[in-house]
*Asks:* 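My questions all concern the structure below.
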Amino acid sequence: MASIKLATWNINSVRLRADLVGQFLTAYSPDVLCLQETKVPDALFPGEVFTGLGYVHQAINGQKGYHGVAILSRLPFRKTAALSFCGKDDTRHVSAVLEAGLQLHNFYVPAGGDTPDRSVNPKFGQKLDFIGRMTRWAEKLDRPTLIVGDFNVAPLDCDVYDHKALLKVVSHTPVEIETLGLFKDAHGWVDLGREFIPAPDRNYTWWSYRAFWRDKDQGRRLDHMWASPDLAGHAKGHRCVEETRRWEQPSDHVPVVTEFTF
DNA sequence: ATGGCTGGTAGAACCAGA
């Protein structure tokens with residue numbers, strides 16, 4: 001029986017934290033790692049660090065300063081692609097088809113700015129539109145598909161430390177949760193994080209750099225792995241690697257890992 | 001309950017994250 005271990009991690013600058021990525025790859029040995037917020041143009045991507053660890057297959061889509069995504073893999077790709085949604089080429093997607101036929105899509109959904117009102121904050125509108133565009137994109141999928149990444153939405157009450165307070169905070173507002181829910185239901189995506197760690201258990205993937213929030217465990221579940229219905233049953237193990245949040249000069253997000261058997 | 005850190009681009013204070 002074949003087994004594939006896939007991981008996703010918002011790294012918040014892959015150049016600054018290339019060694020941390022290497023530490024994670026060595027310690028947890030995923031076959032594939034999807035990164036978000038690489039913050040580096042493709043020509044400057046530190047690929048050799050990961051090639052040296054056996055991750056010789058790399059699909060990257062980055063730009064200067066902001067956003068940026070990458071897929072590092074020990075398994076060969078049949079094909080790779082990068083999508084631009086909403087008329088903006090802002091490096092929020094990269095995908096790869098693995099030899100097993102698994103379609104892997106890595107997303108960095110817009111954060112959405114400060115004010116949850118698209119009439120005064122265009123970034124919030126862009127976020128909702130991006131998720132709407134994902135919904136239409138998913139209509140065409142007809143293969144076993146895994147979507148991973150930083151969705152920048154904590155959908156369930158128990159995905160934040162204080163549901164009532166955060167209803168007004170971008171990442172947990174009702175309209176974001178509704179929009180993400182429409183996307184989820186349209187394809188029947190299975191939220192693997194909650195398959196393996198059911199509500200209402202604590203299951204955070206992000207903690208602010210601000211010490212007060214971190215020390216009080218005021219986290220949110222923003223990073224996700226969603227499987228299409230035909231793939232979800234193959235998921236056999238799942239975890240968040242909270243340890244990395246305590247590493248020196250860490251990302252504010254932690255890796256999420258799922259193992260599949262076929 | 002809170003944005004009071006952090007990174008990148010600059011080459012000093014911004015913007016952005018969420």
Side-chain angles (χ1 to χ4, degrees), chain A residues 8-21 35-46 60-70 86 88-93 106-118 120-131 148-180 193 203-224 240 242 244-256:
Chain A
T8 181
W9 194 8
N10 179 321
I11 195 59
N12 188 18
S13 175
V14 72
R15 279 182 292 181
L16 191 65
R17 291 188 242 281
D19 289 345
L20 283 194
V21 173
L35 297 170
Q36 302 87 38
E37 283 207 86
T38 52
K39 297 186 175 179
V40 62
D42 294 349
L44 299 177
F45 188 84
I60 57 179
N61 180 22
Q63 65 179 3
K64 186 176 178 179
Y66 304 104
H67 322 317
V69 288
C86 307
K88 293 178 72 121
D89 184 16
D90 52 0
T91 64
R92 296 180 180 278
H93 170 272
N106 177 11
F107 284 100
Y108 176 55
V109 174
D114 288 328
T115 307
D117 179 348
R118 68 191 304 156
V120 298
N121 171 24
K123 288 181 188 171
F124 193 70
Q126 186 209 356
K127 179 179 195 175
L128 298 178
D129 293 345
F130 189 95
I131 297 169
V148 309
D150 180 0
F151 293 6
N152 267 316
V153 179
L156 304 183
D157 295 6
C158 55
D159 288 336
V160 296
Y161 62 90
D162 185 336
H163 164 62
K164 194 175 169 197
L166 286 173
L167 283 172
K168 299 174 195 157
V169 176
V170 172
S171 73
H172 194 61
T173 63
V175 65
E176 290 170 88
I177 292 167
E178 179 190 5
T179 303
L180 190 68
N203 182 6
Y204 302 143
T205 68
W206 173 87
W207 294 261
S208 171
Y209 282 119
R210 295 175 174 84
F212 190 95
W213 292 10
R214 189 180 60 238
D215 294 346
K216 298 193 86 161
D217 192 33
Q218 294 181 329
R220 305 178 202 173
R221 188 170 74 104
L222 304 176
D223 302 272
H224 301 275
C240 300
E242 283 193 37
T244 66
R245 192 64 182 79
R246 297 183 291 274
W247 287 357
E248 189 174 350
Q249 199 173 26
S251 170
D252 45 353
H253 296 253
V254 300
V256 180

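A note on names: the letters A, B, ... follow the listed sequences, proteins ahead of strands, and every chain is numbered from 1. Atoms considered below: every heavy atom in the structure, side chains included; atoms not considered: hydrogens, waters and symmetry mates.
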*Asks:* Indicate, yes or no, whether a donor-acceptor pair under 3.5 Å links the base of B:dA1 to the side chain of A:D162.
*Replies:* no
*Asks:* Got A:Y108 and A:N10 here, is their nearest side-chain heavy-atom distance under 4.5 Å?
*Replies:* yes
*Asks:* To the nearest angstrom, how far is A:K168 atom NZ from B:dA18 atom C1'?
*Replies:* 17 Å
*Asks:* Kindly assign one of parallel, tilted or perpendicular to the pair A:W247 and A:W9, based on the angle between their ring planes and the thresholds 30° and 60°.
*Replies:* perpendicular
*Asks:* Check this for me: does any side-chain nitrogen of one of A:R214 and A:D252 sit under 4.0 Å from a carboxylate oxygen of the other?
*Replies:* no
*Asks:* Could you tell me whether A:F151 contacts a base, only the sugar-phosphate backbone, or nothing, with contacts defined as non-hydrogen atoms closer than 4.0 Å?
*Replies:* nothing
*Asks:* Tell me whether the side-chain N/O atoms of A:H253 come closer than 4.0 Å to OP1 or OP2 in B:dG17.
*Replies:* no
*Asks:* Under 4.0 Å, heavy atoms only, any strand: does A:R214 hit a base, just the sugar-phosphate, or nothing?
*Replies:* nothing
*Asks:* Quick check on B:dA18: is either OP1 or OP2 less than 4.0 Å from any side-chain nitrogen or oxygen of A:Y204?
*Replies:* no
*Asks:* Whole-Å distance between B:dA18 P and A:D117 CG?
*Replies:* 20 Å
*Asks:* Can you find a side chain N or O atom of A:N12 that sits less than 4.0 Å from OP1 or OP2 on B:dG7?
*Replies:* no
*Asks:* In Å and rounded to the nearest 0.5 Å, what is the OH to CG distance from A:Y204 to A:D159?
*Replies:* 8.5 Å
*Asks:* A:D252 CG to B:dA16 C1': how many Å, rounded?
*Replies:* 12 Å
*Asks:* Could you check whether A:D223 gets within reach of a base, just the sugar-phosphate, or nothing at all, counting any heavy atom under 4.0 Å?
*Replies:* nothing
*Asks:* Rounded off to whole Å, could you give me the NZ-to-P distance for the A:K216 and B:dG3 pair?
*Replies:* 15 Å
*Asks:* In whole Å, I'd like the distance from the CH2 atom of A:W206 to the P atom of B:dG3.
*Replies:* 13 Å
*Asks:* Compare the minimum distances between each of B:dC5, B:dA1, B:dG8 and the side chain of A:F212, then state the nucleotide with the smallest one.
*Replies:* B:dA1
*Asks:* Between B:dA1 atom P and A:L167 atom CG, what is the distance in whole Å?
*Replies:* 12 Å
*Asks:* Determine whether a donor-acceptor pair (N or O, by modelled atom type, separation under 3.5 Å) exists between the side chain of A:D42 and the backbone of A:G62.
*Replies:* yes
*Asks:* For B:dA1, take OP1 and OP2 only and decide whether either is under 4.0 Å from a side-chain N or O of A:Q218.
*Replies:* no
*Asks:* According to a strict under-4.0 Å criterion, is A:R15 in side-chain N/O contact with OP1 or OP2 of B:dT9?
*Replies:* yes
*Asks:* Give the rounded distance in Å between these two atoms: CZ of A:R245 and P of B:dC5.
*Replies:* 13 Å
*Asks:* If you pin A:N10 and A:T38 to their nearest nucleotides in DNA chain B, which one's is more 5'?
*Replies:* A:T38
*Asks:* In whole angstroms, how far is the C1' atom of B:dG17 from the OH atom of A:Y66?
*Replies:* 10 Å
*Asks:* B:dA16, OP1 or OP2 - any side-chain N/O from A:K123 closer than 4.0 Å?
*Replies:* yes
*Asks:* Ignoring hydrogens and angles, state whether a donor on the side chain of A:E176 or A:T179 is under 3.5 Å from an acceptor on the partner side chain.
*Replies:* no
*Asks:* Please state whether the phosphate of B:dG17, meaning OP1 or OP2, lies under 4.0 angstrom from any side-chain nitrogen or oxygen of A:K39.
*Replies:* no
*Asks:* Please give the distance between the P atoms of B:dA1 and B:dC14 as a whole number of Å.
*Replies:* 32 Å
*Asks:* Using atom P of each nucleotide, how far apart are B:dG3 and B:dA13 to the nearest Å?
*Replies:* 24 Å
*Asks:* Taking the nucleotide of DNA chain B with the nearest heavy atom to each, does A:P250 or A:D114 sit closer to the 5' end?
*Replies:* A:P250
